[in-house]
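Below, read A as the first sequence line, B as the second, and so on, with proteins coming before strands; counting in each chain starts at 1.
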Amino acid sequence: MTSDVVIVGAGPAGLSAATVIAENDRSVVVIDEQPRPGGQYYRQQSAAVIATHGVHRAEGAALIERARRAGVQFRSGVSVWGVDDDRRTLLVSAADGTSIRRHLAPRIVVATGATERALPFPGWQLPAVTTVGYAQHLCAEGVRVGARVLVAGSGPFLLSVACSLVGVGVDVVAVLEEGTPYRPRAAGWKVAGHPQRLREFAAYRARLAAARVPVRSGRRVVSAEETADGLRVVEGPTVGTGRARQHTVDALNVGFGFRPQIDLLRLLGCGTRIDALSGDEVAVVDVDGATDLDGVWAAGEVTGIAGAPSALAEGLVVGAAVLRSLGAPLPEGLAAARRDVSRARAFASTLGRLYPAPRDLAALAAASLGDDALVCRCESVSAGQVRAAQFGGTDLQAVKAATRAGMGLCQGRECAPAVSALCGSPTAAFTVRPPLRPILLAAVAEHAAQVI
Amino acid sequence: MSVTADVLVIGAGVLGASTGFELARRGHRVAVVDRGSVSREGSGTTAGNLHVQAVHTRRPGQDVPLDARRFLPLQKAASDLWEAVPDLLGIDIELVRTGGFTVAETAEQLQELKLKGEWEREFGVQTVLMDQDTVHDALPALGPTVLGATWCAEDGYANPLLVTPAYLNAARRSGAQITPHAPVTALSRDHNGWRADAGATQLHVGAVVDTAGPWLADVAALAGVVLAMAPLTIQMHATTRMPPLLRNLVQHIGEGLSIKQVTSGTILIGGGWPSGPIAAGSRTASSMASLMGNIAQAVRILPVLGQMRLLRSWAGPLAATPDEMPVVGAVPGLDDFYLAGGTYAFTFAPLWAQTLADLVEGKQPPVDLSGLGPDRLVIEGGDHGQEH
Ligand SMILES: Cc1cc2nc3c(=O)[nH]c(=O)nc-3n(C[C@H](O)[C@H](O)[C@H](O)COP(=O)(O)OP(=O)(O)OC[C@H]3O[C@@H](n4cnc5c(N)ncnc54)[C@H](O)[C@@H]3O)c2cc1C
Ligand SMILES: Cc1cc2nc3c(=O)[nH]c(=O)nc-3n(C[C@H](O)[C@H](O)[C@H](O)COP(=O)(O)OP(=O)(O)OC[C@H]3O[C@@H](n4cnc5c(N)ncnc54)[C@H](O)[C@@H]3O)c2cc1C
């Protein structure tokens, strides 16, 4: 399989890069492990769901249609799990880890997006506790995650998910925000420079107020526990002492923002940096989205969390840079896209300053955990075991080796922020190694027989 | 900070940890230092196999075959010592000695099994040669290409992530001082011992033990002796956790291969396949070609593995010598300076610990070390340098 450009990730960033490249007559393949293109923000539902509930985000469907018309070839349900031939080949498999194929990739755009940041509290492993993103995806399919739901964590996304829950008829008992972002202060005024985003925000608040959903700032989940009546959640103040409250709900949806999904970039060998506010690893790119490796670009949340509008604009900027490398003329709308990127990034960083830094949230979560609370759910490692890792010091990899935290099925995607906070590591990034996704040994053996 | 001790052990891998423990329990004041975190290089990435039957002689890509016969008395001595290790350390190190197969797929390889069997008898290592039917009865999961095997009931493995920390803890309990993140950057001799800079610490010690693994020669060079070492990196592969299905170690006489299921349920596949360029901090990149080669071979020998999922690969550094044999002994021309390292150092850890402690004390080591000393590797400095 060959094409001028291979894009990994069919979210807003990958879609817009692919579209501009294809509309300028260069061949482009977009690989994504989801069954349909769209990524997180433009996630597309199955035909059956659309028939009952309509199209979730019409502008996403329209963008995908435009990309198809321009000749973009989508390879959906396909995971990139490895890199070969000195980075000129991407190894892909079906999303279930079978049937390996190779993609020659002279130019690669990594648009692998972000994953949700999870932080532990006693009871976070219970089935009735899910991420806010999962709840959101269910809403888009017209499914209620429960009749009575508590939303908690930190970040603007909590408001948006609470609105979606209300929209499908869920009784949202409260939204708990660990920070106090909704009090006016100096940083807040800068948000005023982004009237459109501010309106979006005000609309969420108004909608929740109309549905009588209280948004309580400076409050967090202390613990969750299964009872005969449902999930009993105890909330308390983020700092200091204050009244505890109890809720009995069907589900607790928690979210602490997003973490760039840099695994493929790391496997390719691209430079990354540690973001001071989150401890997360982020791609290092120039204004065109070029990484430090020839022929590899990055676009969207993988370069830092700035929301879907930024991802869309970045895709266009990167698409233009790729086109330039192919000798094509500059596409229209490039200057506007550059302006959109810098506006969106400025908004994201202002907004980010209203909320607690992810590292502080992780530190608080870690400090609040009793020794027997689970930190690594895959390998059942407790906070006490991580604390007792005698020779690990603040070296995240050494603590992993000593405790098995991060060695399980998710390869540390879930527990990295908490484990790093517990041991005081400056980074929340475990080493990335192939395979990026669990892959069937028979498929590897079969493929090896063809190429070796 | 300034520290005085009897012995400075440089490197907190399995050799430094076990030697530090052995010296401390014999009553010496011991300081063990490491450049980084403990047990993060060879000893944090090793397969952890205890090889008792004779080993195959070439890793994939290895130029010089090792002398498998010379290994045997050492393996036998190490095997006997391992029996006592769990009790000495006082914790469960997941030591399993349920035996191992070394398989053959060609007539030539069957011949090799026979020859190795003769050597094993010579050195008192118990093995059984199995023909095709017998080995398939003993381990029905083996693939059809397997024509025979040798079985050794003493082969086994331990969890390396537990072993080195357990040795360090035991050493500490016996009074040793363990200091991670203290790279040794200078070594000098004075009238009554060695002076060393290790991070923020200055040490004054009677003797130095160099167990810096792949960086063994770098540490010796600080003392003025240039040794020929050929450090390299090799790779491991792990599946997701599975219910118990494989009790034994499976190896190959003609190829680098080791397969076993460890206590967590994960199946570990290795065999010395090469990985990317050596880098400290266990950040050496995995090689895709080795991943494919090693997995394909493992699935051929145990087809049942085909239905499992590969979760992870990793790479680690190995302190190989140009002749592929271990190196252990006093460094010629340097007083009170000893070292140990080289291939199969995990298996040999309890043996090299005793050997080094005996050498420090001026005693006769437990095994014959002829041909294994650092003298054969000296390029410059020490006695050799003075001769020229
Ligand atoms: C559940 C959820 C809801 C969100 N809702 C909002 C919202 O309402 N507003 C907002 O501004 N932001 C939202 N976000 C943040 C969102 O991630 C971004 O705004 C936007 O989707 C980023 O676009 P992107 O193109 O960078 O990445 P994504 O949209 O995340 O797309 C990345 C794609 O890459 C694919 N991928 C990654 N790795 C591989 C691989 N190895 N092989 C194959 N495919 C791979 C993924 O399957 C995914 O489809 C949400 C995020 C999540 C997780
Ligand atoms: C992937 C792999 C699989 C293996 N499988 C097996 C097996 O199954 N069975 C077997 O018997 N053997 C096996 N081996 C070999 C064996 O495990 C290793 O050789 C052994 O663990 C090395 O132990 P060590 O203590 O000599 O060195 P290491 O564990 O590498 O430790 C050396 C230490 O020295 C430190 N150091 C370096 N320079 C300095 C300095 N200047 N100052 C202070 N400290 C310093 C390093 O930081 C390091 O911690 C394997 C090796 C690898 C890599």
Side-chain angles (χ1 to χ4, degrees), chain A residues 81-87 89-91 93 96-98 100 102 266-269 378-380 389-404 406-412 423 430-452, chain B residues 12 17 34 36-40 43-45 159-162 164-165 168-169 172 178-181 235-241 264 266-267 269 275-276 281-289 291-300 302-315:
Chain A
W81 64 271
V83 173
D84 204 359
D85 297 335
D86 205 14
R87 300 196 286 269
T89 301
L90 295 179
L91 293 166
S93 69
D96 64 0
T98 59
I100 295 172
R102 306 170 80 79
R266 277 289 304 279
L267 205 58
L268 286 162
C378 300
E379 295 290 309
S380 296
Q390 295 200 30
F391 297 107
T394 61
D395 177 340
L396 185 63
Q397 289 297 127
V399 169
K400 169 180 172 176
T403 62
R404 297 191 63 83
M407 287 193 191
L409 209 51
C410 86
Q411 287 289 287
C423 70
F430 285 118
T431 314
V432 172
R433 290 191 180 278
L436 297 182
R437 304 288 183 270
I439 174 150
L440 206 66
L441 264 65
V444 177
E446 200 177 298
H447 187 72
Q450 289 161 17
V451 296
I452 292 178
Chain B
D34 199 287
S37 299
V38 307
S39 190
R40 287 289 296 123
S43 305
T45 50
N159 184 342
L161 301 179
L162 299 175
T164 300
L168 291 169
N169 272 319
R172 197 179 255 178
I178 318 288
T179 315
H181 304 287
Q235 190 160 316
M236 292 295 303
H237 308 96
T239 69
T240 58
R241 287 173 179 238
S264 68
T266 295
I267 291 167
I269 300 169
S275 40
S282 300
R283 289 298 185 109
T284 296
S286 304
S287 148
M288 188 51 72
L291 183 154
M292 290 191 184
N294 199 181
I295 297 301
Q297 173 202 42
V299 171
R300 192 179 77 231
L302 284 171
V304 60
L305 296 182
Q307 294 321 303
M308 277 149 225
R309 274 159 201 281
L310 179 66
L311 180 62
R312 176 87 173 169
S313 65
W314 66 85

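If you tally non-hydrogen atom pairs under 4.5 Å between each of A:Ala402, A:Pro434, A:Gly97 and chain B, the highest count goes to A:Pro434. Most heavy-atom pairs under 4.5 Å with chain A, from the set B:Ala298, B:Ser313, B:Ala296, B:Ala12: that is B:Ser313. With chain A as partner, the option from B:Leu291, B:Thr240, B:Leu162, B:Thr266 having the largest number of non-hydrogen pairs under 4.5 angstrom is B:Leu291.
Using a 4.5 Å cut-off between heavy atoms, B:Ser39 makes no contact with chain A at all. The part of B:Ala285 that comes within reach of chain A is its backbone (N, CA, C, O), which places non-hydrogen atoms under 4.5 angstrom from that chain. Neither the backbone nor the side chain of B:Asn294 comes within contact range of chain A; no heavy atoms are under 4.5 Å apart.
Under the side chain to side chain donor-acceptor pair (under 3.5 Å) criterion, B:Arg241 pairs with A:Glu379, sequence neighbours left out.
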Sequence neighbours left out, cut at 3.5 Å: what donor-acceptor pairs do the side chains of residues 437-452 of chain A make with other protein atoms?
unit_1: A:Arg437; atom_1: NE; unit_2: A:Glu33; atom_2: OE1; d: 2.9
unit_1: A:Arg437; atom_1: NE; unit_2: A:Glu33; atom_2: OE2; d: 3.3
unit_1: A:Arg437; atom_1: NH1; unit_2: A:Asp263; atom_2: OD2; d: 3.1
unit_1: A:Arg437; atom_1: NH2; unit_2: A:Glu33; atom_2: OE2; d: 2.9
unit_1: A:His447; atom_1: NE2; unit_2: A:Arg102; atom_2: NH1; d: 2.8

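The two atoms that bring A:Gly408 and B:Leu311 nearest to each other are O-CD2, 3.7 Å, heavy atoms only.
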>> Could you go through A:Gln397 and B:Arg40, starting from their C-alpha distance and side-chain angles, then the distance that decides it, and tell me whether this counts as side-chain contact (heavy atoms from CB on, under 4.5 Å)?
In response: CA-CA 8 Å; A:Gln397 289 297 127; B:Arg40 287 289 296 123; 3.0 Å; yes

> Can B:Arg283 and A:Thr431 be said to form a side-chain contact (heavy atoms from CB on, under 4.5 Å), step by step?
Replying inline: CA-CA 7 Å; B:Arg283 289 298 185 109; A:Thr431 314; 3.4 Å; yes

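Note that CG of A:Leu267 is 6.5 Å distant from CE of B:Met288, once rounded to the nearest 0.5 Å. Rounding to the nearest 0.5 Å gives a distance of 10.0 Å between NE2 of B:His237 and CZ of A:Arg433.
Between A:Phe391 and the choices B:Ile178, B:Asp34, B:Thr164, the side chain to side chain contact (heavy atoms under 4.5 Å, CB included) rule is met once, by B:Ile178.
Residues A:Leu91 and B:Met292 are in side-chain contact: their nearest non-hydrogen atoms beyond the backbone lie under 4.5 Å apart. A 4.5 Å side-chain heavy-atom check between B:Arg312 and A:Gln411 finds at least one atom pair inside the cut-off.
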